Student: 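Pasting in a structure now, in structure tokens, and then I'll have a few things to ask.
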Amino acid sequence: MPPNLSHREWVKFAGLDPKAFESGKSVHKKMRLSKAGNRHIRSALYMPALSAKQHDPHVRAYFQHLIDNGKKPLQAVCAVMRKLLHAIHGMLKHDQPFDNTRFYAIPESIIAE
């Protein structure tokens, strides 16, 4: 990754930013990933996102939160990829290890179950 980029620029560089699809007045499709960025970064984040959603409780709770709010599973995986990229940016910028408790705060109602 190029140095001195913000987390939003990292996401855009990886092609994980949303892109609206509009054509004239009548065609307004749902937003999709732009995929205009580096495909190698996206492919490198895909498997870690799948693994994290299976094995990390905070990532799993975030994934389930997205599914409960109506996202499709692949959309939720892409959101996890984007959030992992934000976490990687923060780890490198602040020279700290990954802290899964900062990834997503598990609601008390889920913990009590």
Side-chain angles (χ1 to χ4, degrees):
M1 290 281 194
N4 301 325
L5 294 181
S6 70
H7 62 279
R8 289 187 178 106
E9 291 170 325
W10 271 45
V11 168
K12 190 169 182 107
F13 186 77
L16 292 171
D17 55 324
K19 177 185 174 191
F21 182 86
E22 296 179 357
S23 179
K25 295 180 182 178
S26 61
V27 179
H28 300 285
K29 294 184 179 180
K30 293 182 180 179
M31 295 184 84
R32 299 180 176 187
L33 290 181
S34 71
K35 295 186 182 177
N38 191 322
R39 66 183 172 96
H40 300 290
I41 296 171
R42 282 192 308 278
S43 65
L45 286 171
Y46 182 71
M47 281 309 214
L50 288 180
S51 179
K53 97 177 167 69
Q54 287 293 328
H55 301 290
D56 188 289
H58 293 274
V59 178
R60 185 182 314 127
Y62 177 65
F63 179 82
Q64 193 58 48
H65 167 77
L66 294 171
I67 295 295
D68 293 344
N69 285 343
K71 296 292 183 194
K72 294 178 182 171
L74 189 57
Q75 289 175 317
V77 169
C78 290
V80 169
M81 290 168 52
R82 180 183 171 117
K83 197 145 180 161
L84 281 175
L85 193 59
H86 280 266
I88 292 168
H89 176 265
M91 288 167 39
L92 294 176
K93 183 176 181 181
H94 300 293
D95 195 28
Q96 294 181 349
F98 180 71
D99 181 13
N100 66 347
T101 59
R102 295 184 67 191
F103 192 86
Y104 179 75
I106 300 175
E108 293 294 327
S109 60
I110 294 175
I111 295 172
E113 292 176 357

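Treat the numbers as computed from the prediction; the structure is a model and nothing was measured. Atom set for the values below is all heavy atoms of this structure, side chains included, hydrogens, waters and symmetry mates excluded.
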Student: Report the residue from H58, R60, H65, Q64 that forms a side chain to side chain contact (heavy atoms under 4.5 Å, CB included) with I106.
Tutor: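 Considering H58, R60, H65, Q64, a side chain to side chain contact (heavy atoms under 4.5 Å, CB included) with I106 is found only for H58.
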Student: Using side-chain heavy atoms (C-beta onward) and a distance below 4.5 Å, is L84 in contact with F103?
Tutor: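 Contact flag for L84/F103 side chains = yes.
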Student: Does a sphere of radius 6.0 Å around OH in Y46 hold more than 12 heavy atoms from other residues, nucleotides or ligands, not counting ones at 6.0 Å or beyond?
Tutor: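 Count not over threshold, so no.
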Student: Does NZ or CZ of K83 fall inside the cone over Y104's six-membered ring, less than 6.0 Å from its centre and within 45° of the axis?
Tutor: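 Not flagged: K83 not positioned over aromatic ring of Y104.
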Student: If you define the side chain from C-beta out and look only at heavy atoms, does anything of R82 sit under 4.5 Å from P18?
Tutor: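 Of all side-chain heavy-atom pairs linking P18 with R82, at least one is under 4.5 Å.
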Student: Could you check whether any side-chain N or O of H89 sits under 3.5 Å from a backbone N or O of L5, counting only pairs where one atom can act as donor and the other as acceptor?
Tutor: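 Side chain of H89 to backbone of L5: a pair is present.
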Student: Measure the shortest side-chain to side-chain distance between E9 and S6 over non-hydrogen atoms and say whether it is less than 4.5 angstrom.
Tutor: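 E9 vs S6: side chains touch.
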Student: When hydrophobic residues are tied together by side-chain contacts of less than 4.5 Å, even through go-betweens, does V77 share a cluster with M31?
Tutor: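 No, because V77 and M31 fall into different hydrophobic clusters, even though each may have its own neighbours under 4.5 Å.
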Student: Should the pair H86 and H7 be assigned to parallel (<30°), tilted (30 to 60°) or perpendicular (>60°) ring geometry?
Tutor: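 Aromatic pair H86/H7 classed tilted.
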Student: Can you list every pair that meets side chain to side chain donor-acceptor pair (under 3.5 Å) and has a residue in residues 34-43, with sequence neighbours left out?
Tutor: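 Qualifying pairs, neighbours excluded: D17-S34.
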Student: Quick one: closest heavy-atom pair of L16 and M81, and the distance?
Tutor: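 Nearest pair, atom of L16 first, then M81: CD2-CE, 3.8 Å.
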Student: Might you point out which heavy atoms bring I67 and A76 nearest each other, and give the distance in Å?
Tutor: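 I67 and A76 have their closest heavy atoms at CD1-CB, 4.0 Å.
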Student: Give me the atom names and distance for the closest heavy-atom approach of L33 to G15.
Tutor: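 Smallest heavy-atom distance, with atoms named: CB-O, 4.0 Å.
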Student: For P73 versus F63, what's the shortest heavy-atom pair and its separation?
Tutor: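 Looking at all heavy atoms of both residues, the closest pair is O-CE1, 3.7 Å.
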Student: Which residues pass the salt bridge (Lys or Arg N to Asp or Glu O under 4.0 Å) test with D56, sequence neighbours left out?
Tutor: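 Expected list: none.
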Student: Output all residues satisfying salt bridge (Lys or Arg N to Asp or Glu O under 4.0 Å) with K71, sequence neighbours left out; order by chain, then residue number.
Tutor: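 Checked K71 against salt bridge (Lys or Arg N to Asp or Glu O under 4.0 Å); zero matches.
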